[in-house]
Amino acid sequence: MPELPEVETTVNAISGILTKRQIKFLKVYQPKLRYFFKSTWLNSIVGQKIINVKRRGKYIIINLQVGALIVHLGMTGKLFFSKPNEPLKKHDHFDLNVGQFNLRYNDPRRFGCLIWTKSEPLKHKLIIKLGEEPFSNNFTGTYLYERRQKHKTSIKNFIMNNKVVVGVGNIYANEALFLAGINPKTKACNISLVRFNKLVLCIRNVLNQAIEAGGTTLQDYFSPLGEPGYFKTKLYVYGREHEQCRNCETTIKKVIIGQRSSFYCYHCQT
DNA sequence: ACAGTAACCTGTTTGC
DNA sequence: TGCAAACAGGTTACTG
C-alpha cells in the first residue's frame with residue numbers, strides 16, 4: 001500500500017485522535033517485524049502522553065513526553081482504528097490503545113516496523129540520513145543537479161534513493177518520469193538543470209494528486225468493500241505494459257531497473 | 001563512496 | 001484443478 005501519499009493520509013487520520021491522549025496499553029503480538037520490538041521498551045511507553053504525530057519520509061513518528069515511537073508500513077502495513085477487544089485477524093501485529101480508541105497494525109509481509117527510541121527521533125539512525133522532503137523548499141532542480149554527478153545510476157534509481165529525496169516509490173517514480181518526459185534508464189549524471197527543474201515539479205504534482213486520492217483510498221479502506229483503488233485510472237504508465245500511451249498511442253514498455261518493474265513510453269520519454 | 005544484488009516475508013497472479 | 005514460479009507498494013546489508 002504505502003508510498004508517501006498513503007503515509008501522509010494515515011498520519012492525518014490518526015494524529016487528531018492520538019494527540020494529547022495517554023497510552024493505556026501497547027500489546028505487541030508479533031515483535032519480529034523488520035526490526036525486533038524489545039519488550040523492555042514497554043515500561044518506557046505505557047502511561048506516556050502522546051505529544052503529536054509527524055511524518056518524515058515514509059516513517060511515522062509518534063512523539064511521546066519522553067522519546068518517540070517510530071512506525072514504518074513497509075510494503076503491506078496498515079494502521080487503522082479497531083474496537084479495543086476486536087478479535088485479532090491474521091497478521092495483526094500490535095495494538096496501541098489510548099482508551100476508547102485503539103490503533104491496530106496489520107502487515108502480511110512484515111516489512112514494516114515499530115520501535116521506540118529514547119532520544120530525538122529525527123536523529124535516529126534510520127531517520128537522520130534521509131534526503132530532502134519532496135515539498136521542502138530545499139528540494140529543487142538545482143539540488144538534484146548538484147547531487148547528480150556522484151550518481152552514475154539511472155535517473156529512476158536516483159529519485160527512488162531516499163538519501164536523495166524521500167517518498168518517491170516505484171509507482172510515482174514511473175509516473176513522475178513520464179510527466180517529465182524523461183526515459184527512466186537515462187543516467188542521472190547526464191540530465192540537465194532544466195530537466196531537473198521540470199522533474200521536481202512533476203514529482204510534486206504526482207504526489208499531490210495521490211494525496212488527494214489517498215483520502216478517498218483511506219475511506220474506501222474502511223468501507224465493507226475494502227479494496228483501495230490506487231486511483232488506477234489516473235496512472236499514465238505504471239502497470240500498463242502493452243497498453244497504449246495516453247498521449248501518443250505508442251505501446252508502453254516494461255523493463256527492469258534496479259530489480260523493480262519500470263514502465264515508460266519510448267516516444268514521449270527520451 | 002557508490003552500484004548492484006540479495007534478503008527480509010506472505011499473498012496473489014500467472015503459466016504449465 | 002493443482003502446483004510451482006514469478007511478482008508485489010520498501011529498505012537495508014552485503015559484495016565488489
Side-chain angles (χ1 to χ4, degrees), chain A residues 1-11 29-37 55-61 70-79 88-94 105-115 124-131 134 146-177 184-190 203 206-207 209-211 213-214 217-218 220-221 226-232 234-235 237-242 254-263:
Chain A
M1 140 175 157
E3 299 211 36
L4 181 132
E6 303 281 358
V7 180
E8 180 82 17
T9 307
T10 298
V11 167
Y29 311 109
Q30 171 56 278
K32 237 181 106 183
L33 301 176
R34 189 162 208 313
Y35 304 105
F36 194 87
F37 181 89
R55 177 188 66 73
R56 174 73 176 100
K58 291 174 191 164
Y59 289 91
I60 298 167
I61 300 173
I70 299 176
V71 178
H72 197 292
L73 303 179
M75 293 268 242
T76 51
K78 294 176 192 70
L79 282 170
L88 291 178
K89 296 209 168 95
K90 204 173 182 183
H91 308 305
D92 284 344
H93 300 317
F94 68 79
Y105 181 70
N106 182 287
D107 184 1
R109 288 179 73 179
R110 287 195 263 139
F111 287 169
C113 71
L114 168 70
I115 56 175
H124 190 275
K125 67 171 187 175
L126 292 174
I127 311 273
I128 195 164
K129 61 186 171 195
L130 295 176
E146 284 171 354
R147 294 203 54 161
R148 109 214 105 111
Q149 281 171 324
K150 287 195 276 184
H151 294 268
K152 287 192 292 185
T153 188
S154 69
I155 183 63
K156 179 159 181 277
N157 281 341
F158 184 62
I159 62 172
M160 286 182 69
N161 181 345
N162 65 14
K163 289 176 190 139
V164 176
V165 55
V166 297
V168 182
N170 197 30
I171 293 178
Y172 301 122
N174 279 294
E175 294 298 301
L177 288 169
K185 290 183 289 191
T186 308
K187 288 194 189 311
C189 54
N190 289 337
I203 287 172
V206 160
L207 292 177
Q209 287 192 37
I211 286 169
T217 298
L218 199 70
D220 287 353
Y221 177 73
E227 275 310 298
Y230 251 142
F231 77 126
K232 269 189 178 151
K234 285 195 174 179
L235 294 175
V237 285
Y238 182 83
R240 298 193 64 240
E241 186 188 17
H242 303 317
K254 172 179 163 178
V255 293
I256 303 294
I257 301 174
Q259 302 166 269
R260 283 288 192 269
S261 294
S262 308
F263 304 86

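So that the names make sense, note that chain A is the first sequence line, chain B the second, and so on, each numbered from 1. Atoms considered below: every heavy atom in the structure, side chains included; atoms not considered: hydrogens, waters and symmetry mates. Note that the structure is predicted; figures quoted are calculated from it, not measured.
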Open item on the list: Using the rule ring pair (Phe, Tyr, Trp, His ring centres under 6.0 Å), only one of A/F37, A/Y105, A/Y29 pairs with A/F94; which is it?
Closed with: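 That would be A/Y105.
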
Between [options], which nucleotide gets closest to the side-chain atoms of [X]?
X	options	answer
A/F111	C/dT11, B/dG4, B/dC9	B/dC9
A/R34	B/dC9, C/dT11, B/dC2	C/dT11
A/K150	C/dG10, B/dC2, C/dT12	B/dC2
A/E3	C/dA8, C/dT12, C/dG10	C/dG10
A/R109	B/dC9, B/dA3, C/dG10	B/dC9

Task: Least distance between heavy atoms, A/V168 atom then A/Y172 atom - done: CG1-C, 4.3 Å

Open item on the list: Return whichever of A/T153 or A/R260 has its heavy-atom-nearest nucleotide of DNA chain B closer to the 5' end.
Closed with: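 Result: A/T153.
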
Task: Phosphate OP1/OP2 of B/dT10 contacted by A/H91 side-chain N/O (<4.0 Å) - done: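 It does not, given that no N or O in the side chain of A/H91 lies less than 4.0 Å from OP1 or OP2 of B/dT10.
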
Open item on the list: For a quick test of reading the model: is some side-chain N or O of A/N162 closer than 4.0 Å to OP1 or OP2 of C/dT12?
Closed with: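 Looking at the OP1 and OP2 atoms of C/dT12, one of them is under 4.0 Å from a side-chain N or O of A/N162.
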
Task: B/dA6 to C/dA6 separation - P atoms, rounded to the nearest Å - done: 13 Å

Open item on the list: Roughly how many Å apart are C/dT11 and B/dT12, using the C1' atom of each and rounding to a whole number?
Closed with: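 Nearest-Å result for B/dT12 against C/dT11 at atom C1': 22 Å.
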
Open item on the list: Tell me whether the side-chain N or O atoms of A/R110 pair up with the base of B/dT10 as donor and acceptor below 3.5 Å, since no angle test is needed here.
Closed with: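 Result: no qualifying N/O pair found.
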
Task: Aromatic centroids of A/H72 and A/Y59 separated by under 6.0 Å - done: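 Centroid separation for A/Y59 and A/H72: below 6.0 Å.
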
